[in-house]
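Data block below; observations after.
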Amino acid sequence: MTSFLLIIPFILWFFCFRHFFTGHLNLQADAISYAEHIGFYTDNLSHGIFPLWDPTWFSGAPNDFFLRRIGDVNPFLFLIVLLKWFGVPSATAYLVFLGVYYFLAGWAFYLITRFLLADRFFAFTAYILFLFSSWGSEIFYNYIIIIFVPIIWFLYFLLCFSRTPQRASLLGMCWCAGLIVTTYIPFFFLTILAIFSFLYILFYRNECIEFINRSFKFFLKNKVFAGFCIIFLLISCTPALVFYKESKSGEFVLPDRHSGANSSSAVAVGLENVASGDIINHGYFDRIFDDHAHLDMGDIYIPYIFFLVLLSTAFARTDKLIYFLLFNILCLSLITITSAAGVHRFLYDHIIFFKFIRNIYYFFWLAMLPMGILLSVVTFRSLLTAIDSSSRKTIWLVYIFFCHLIFVLFLCGHHGVLWGAWAAIALSLCYFSVYFYADRKISYPAGFCLLLLAVFVQSAQVYGYLDDKLFQFQRSVAHSGEMHQGPQKTKLGLYYASGWFSALVDYIDPQVLDDYRKHPFIFYDNVIPYKDSTQIFQTLQATMAANTNIAFVSGAESRPADWKRSNDTLPQADLDPVSLGELSVSPADVNTLKLTAHLNNSRFLVINDNYNTGWHALINGRQARLLRANFAFKGLWVPSGDSSIVLYFSTLKRYMFHFGLIALFGGAFLYLLVLFKKELR
Amino acid sequence: MSAVQWLASRVVLIYGIIFIFCLTCMDLKTVEERIKVRHLNDAIPDFSDMIIFSQDQNVKKEIDWAPYRDYFELILSYIPNDLITEQLLGFVDYYSGQEEKAVVLFKSSTDMKGKFLFWSNYNLGVLYYKKEMWPQAAKYLLNAISANTKLTLALMQDSMIYRQIVASPFFKYSLSDGISDAQSRSYILLLSCLHHMKEYDRMIGVANLGIENQRVSYKDAFYYYEGLAFYEKGLFKNAFLLFQKSMYMEKDNPDVYYYIADIFQKAGQLEQARELLQLSYALHQKNDPRFPYEARADLRFF
C-alpha cells in the first residue's frame with residue numbers, strides 16, 4: 001500500500017517534468033555546473049581514477065573544491081557509474097540520479113509525517129504537497145537536493161532513534177551526518193539541527209530527558225557499535241577539514257564569493273554577498289498567488305490545497321507540534337532575511353561557520369518549506385479530528401465552504417490565476433463534501449484520489465507553462481547565439497581558480513593570455529627570477545605577446561641553479577615542441593602527466609597547466625624540481641638526451657584515503673540496509 | 001472555557017503570532033526597500049537595442065520596447081517625477097507609438113527648479129519639428145540651446161539608469177559629446193523653424209549665437225542659415241559673404257551652391273551661376289545624408 005501511495009504521485013510528478021528527463025529541456029543555473037562536476041567525477045570513477053585535479057578548469061585547478069560540493073563519498077553517485085556501464089548516456093544517468101534522489105527526499109518526508117501523525121492519509125498529503133511544490137523544479141535549478149536528502153533522512157533516523165534507540169537508526173544518523181560533513185557546506189545542517197534541538201528542549205523538556213536517558217542506556221549497551229559510529233563521523237570530517245586548511249593556503253581563490261570577507265579562507269563570504277543570497281533578494285513569493293503562467297525556475301509554488309487547509313483549519317485545535325514547527329520556521333526566517341533583522345549579523349560576527357554560508361535562502365528549501373507543509377498537515381489532522389468529534393458537523397461544513405469562498409474571492413483580486421487553481425479549489429470542496437456525506441469506506445480512499453487530483457491538476461498546468469517558458473527561453477538563447485554579433489568582453493569571469501592564475505587574468509591582457517594558453521608546452525632556454533609583485537605583469541605580458549625566449553620563475557621559490565641567462569640562444573621560445581618531435585605526450589589520467597623529451601641541450605619546459613604545490617615531478621624516475629613558471633604555470637628543467645617525465649598530483653596516501661572513504665561509506669550503507677532489514681523483522 | 005481561552009487553543013492564534021512576529025522582529029521598511037530593489041534589478045532590460053536605435057534608426061527597425069517601458073514605469077512607480085526616467089520613458093513611448101504620453105512626460109521633465117534640462121526640451125523640439133508645428137518646436141529648441149548642459153550631464157552621470165546604459169558593451173560614446181552634438185543640432189533645427197516662420201531677424205541672432213558658442217559644432221550650417229536669412233531679406237551681398245564662408249568650411253553642401261548661383265544669376269553673372277548650379281546638381285545626386293542640415297531630426301537620449 002505504502003509503495004503504491006509513493007509511486008503513483010511520483011509517476012505523475014515525473015510526467016510534469018518529463019521534458020527535463022527526456023533531455024528536451026536543459027538544466028538551469030547552478031544545476032549545470034553541478035551536473036558537469038558530477039559527470040567529471042563519475043566518468044573518472046568509472047575508469048578507476050579518483051580525480052584530484054581538474055585540468056579543464058581555467059588551466060587546471062584542484063578538484064577538491066568540487067568534490068566537497070558534490071559530496072564525493074555518496075554511494076548514490078555510483079548509480080550514475082552503474083548506468084554508464086550499462087551504456088546509458090551521461091546526461092540521462094545524471095537525470096535518473098536526480099529523480100531517484102528526489103524520490104528519496106519525498107519518501108523520507110512521507111516517513112517523517114507518518115511517524116509524527118501515525119496516519120497514512122496525512123503522510124500522503126504531506127508527501128504530495130512536497131512533491132508537487134516547486135521543490136521539484138529546484139532539482140533542475142540548483143544543487144540543494146544533494147544536501148537535502150541526507151538532512152531529511154538524518155531527521156527521520158533521529159526521530160526513530162528518539163522513540164526506540166536502535167543500531168540502524170544510530171548508524172543511519174551517523175551515515176547521513178557523515179555524508180553532510182564531507183561537503184564544504186554542512187553549515188545549513190548544523191544551523192537547522194541547532195535550532196531544532198534548542199526548540200525541542202524548550203517544547204519537549206520531559207521527552208528530551210527521557211530521550212537522553214534512553215540514548216545513554218543504549219550507548220552503554222552498545223559501546224563498540226557507538227564507538228564505531230563516532231569514529232565513522234570523525235573520519236567523515238577529515239576531507240572538509242583538509243579542504244578548510246587548503247582554503248587558507250591561497251593556492252585557490254573564489255574572487256566573487258570572497259569579496260568583502262574578513263577571513264583568510266578562500267571560501268568565506270563577504271556580508272554584502274550574503275545579503276544578495278537571502279530570501280528577500282529572491283522573488284520566491286512574487287508569484288505565489290499571481291501569474292502562475294509566468295512562473296520562473298526558483299519561484300516558489302505550493303499547490304493551493306496547502307493554503308486552503310491552512311485557512312480552513314483556523315479554528316481547529318492547536319497542539320505542541322504545531323508551535324514547535326512554527327517556531328522553527330520563525331527562527332530560520334529571522335536568519336534568512338539577513339539585513340531586515342539583526343539576527344544574521346549577530347551570527348555572522350560571532351559564529352564562525354556563518355562566514356561560509358552564502359546562499360542563505362537555502363534554509364527556505366531545506367527546512368522552512370518542508371516544515372511549513374508539515375505544519376499545514378498537522379493542522380489538517382486537527383481539523384478532521386475536530387469535525388469527527390463534533391456533534392454539529394453542518395456548522396463545520398458551512399465554515400469550510402465559507403473558507404473556500406473567501407479564498408476564491410481572494411484569488412479574484414489577483415491576476416493570471418489559472419483554471420487549474422479553480423479546479424483545485426473545486427476538488428478540495430468535493431473532498432470535504434465526500435468527507436462529510438460519504439461513508440468512511442468510500443471517503444477514505446476517495447480522499448487520497450481527490451487530494452492527489454487537486455494537487456496534480458493545478459501543478460501539471462503550472463509546470464506546463466514553466467516548460468513553455470523554458471522552451472521559449474532556450475529557443476531565444478539559441479537564436480541570439482546565432483544572430484548576436486555584438487562586441488564581446490573577453491576577460492574571463494572566474495568563480496573558482498588557482499590564485500596565481502586569477503592574478504594573471506586580472507593583470508594580463510585577455511587576448512595575450514588567451515593566445516599564450518593555446519600552447520600547452522613551451523620550451524625556453526633562458527630562465528630568470530622575479531619578485532612576486534604586480535610589476536612583473538607588464539614584463540610578463542610583453543614576453544608572452546612577443547614569445548620571447550625567457551621564462552620567469554619566482555625568485556623566492558627557486559634557487560640560483562634554476563636560473564639561466566645566455567645570449568647564445570634563439571630569440572623566440574619553442575611554442576610547439578610536440579610537432580617538432582622534441583616532446584611526446586603519453587596517455588595518462590587527470591592526476592598525472594606523462595611526457596617524453598628528446599633534446600640536444602638542456603631546456604626549461606613550461607607546461608601551461610596551473611602550478612600547485614600538490615604537483616610533483618619525476619625525470620627518468622628521479623624526483624625533479626617543479627617550479628612555478630610564468631607566474632601561474634608549471635615549469636621544470638629537462639636534461640639533454642631522452643627523458644621520461646612524469647608529473648603527478650597529490651600523494652598516494654591521499655589518493656588511497658579517498659578510495660578508502662568511499663569504501664567506508666559504501667560498506668556502512670550496506671551495513672545500514674542489513675541492520676534495517678534485521679531490526680524491521 | 002472562556003472565549004479567550006478557546007481562541008488561544010485554536011490554530012488562528014498562530015496567524016496572530018506570525019503577525020506580531022513580523023511587526024516586532026522584522027524591519028519591514030528594509031524588507032520593502034529591498035523588495036523594490038530586487039524588482040528593479042529583475043526588470044533591467046538589455047539596453048543594446050535602445051543604444052543602437054538612438055544612434056541610427058535605420059539599423060534597428062523592430063524593437064521590443066516593452067521591457068524598457070516596464071522598467072522605466074517601475075522606476076517611476078517607486079520614484080514619481082524622476083526627471084531622467086520621465087525623459088527616457090518619453091523617448092520609449094514616442095517610438096512605441098504613444099506620442100501623447102511621450103509629450104506629457106517630456107513636458108513634465110523640461111526643467112529642474114527653473115533650470116532647463118537639455119534632453120526633454122530637445123526631444124520636444126524635434127517632435128514638434130517633425131510635425132511641422134514650428135512655433136512650438138522653436139520654443140523648445142530655444143530652451144534646449146539655453147539649457148544647463150552641465151546640470152543635465154551631472155544628472156545623467158548620477159543616474160543609475162545611465163550608468164547601466166554606459167556599462168553596456170554597445171555604448172562606445174561620450175555623454176558630454178552627445179549633449180554637445182545634440183545642442184548643435186538644436187541650433188540647426190531652431191534656425192530651420194525660424195526660416196519656416198519667416199522670422200529672419202531672429203534667425204540672424206540665433207545663427208550668430210551659434211557661431212560664437214565655442215562648445216557647438218556645425219559652424220558651416222550657422223553661416224549657411226544666417227546667409228539664408230539675409231537672402232530672404234533681399235540683402236544678397238551679406239548673404240553671398242555668409243554663403244561663401246559656409247562653403248569654405250563645408251564643400252559638399254549642395255544648397256549653398258544653389259543659393260550662391262541664384263545670387264550670381266540675380267547679378268547677371270550667368271556663366272558662374274550655371275557652373276555653380278551644375279555643381280549643386282552633382283552634389284545633390286550624391287545624396288549625402290548630412291544635407292540638408294535639418295534632415296536629421298531624431299529623438300535622442302544621449
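- Shown here for B/C25 and A/A341, the closest heavy-atom pair between the two residues is O-CB, 3.6 Å.
- Here the CH2 atom belonging to B/W6 is positioned 5.5 Å from the CZ atom belonging to A/F315, to the nearest 0.5 angstrom.
- Counting heavy atoms of neighbouring residues, nucleotides and ligands inside a 6.0 Å radius, atom CZ of B/R296 does not exceed 12 of them.
- When every heavy atom of B/Y15 is checked against every heavy atom of A/A314, the shortest pair comes out as CE1-CB, 3.8 Å.
- Annotation for A/F196: atom CZ counts as buried by contact number, over 12 foreign heavy atoms lying within 6.0 Å.
- For A/D278, the part lying near chain B is the side chain, with the backbone staying farther off; criterion is any non-hydrogen pair under 4.5 Å.
- Within 6.0 Å of the OH atom in A/Y204, the count of heavy atoms belonging to other residues, nucleotides or ligands exceeds 12.
- When all heavy atoms of B/F21 and A/L330 are compared, the closest pair comes out as CZ-O, 3.5 Å.
- Surrounding OH of B/Y78 are more than 12 heavy atoms belonging to other residues, nucleotides or ligands, all under 6.0 Å away.
- The environment of NE2 in A/H414 is crowded: more than 12 heavy-atom neighbours from other residues, nucleotides or ligands sit within 6.0 Å.
- Within 6.0 Å of NZ in B/K150 there are 12 or fewer heavy atoms belonging to other residues, nucleotides or ligands.
- Contact of A/I322 with chain B is made through the side chain alone, with heavy-atom distances under 4.5 Å.
- Counting heavy-atom pairs closer than 4.5 Å to chain A, the top residue among B/R34, B/E33, B/M26 is B/R34.
- Open room surrounds CD on A/Q472; 12 or fewer heavy atoms of other groups in view lie less than 6.0 Å from it.
- Taking each heavy atom of A/A340 and B/V31 in turn, the nearest pair found is CB-CG2, 3.4 Å.
- More than 12 non-hydrogen atoms from other residues, nucleotides or ligands lie less than 6.0 angstrom from NZ of A/K320.
- The line from CD1 of B/I18 to CG of A/L326 is 5.0 Å long, rounded to the nearest 0.5 Å.
- Contacts between A/L325 and chain B at a heavy-atom distance below 4.5 Å are absent for every atom of the residue.
- A donor-acceptor distance shorter than 3.5 angstrom exists from the side chain of A/T318 to the backbone of B/S9, with no hydrogens or angles considered.
- To the nearest 0.5 Å, atoms CD1 (B/I14) and CG (A/L310) are separated by 6.5 Å.
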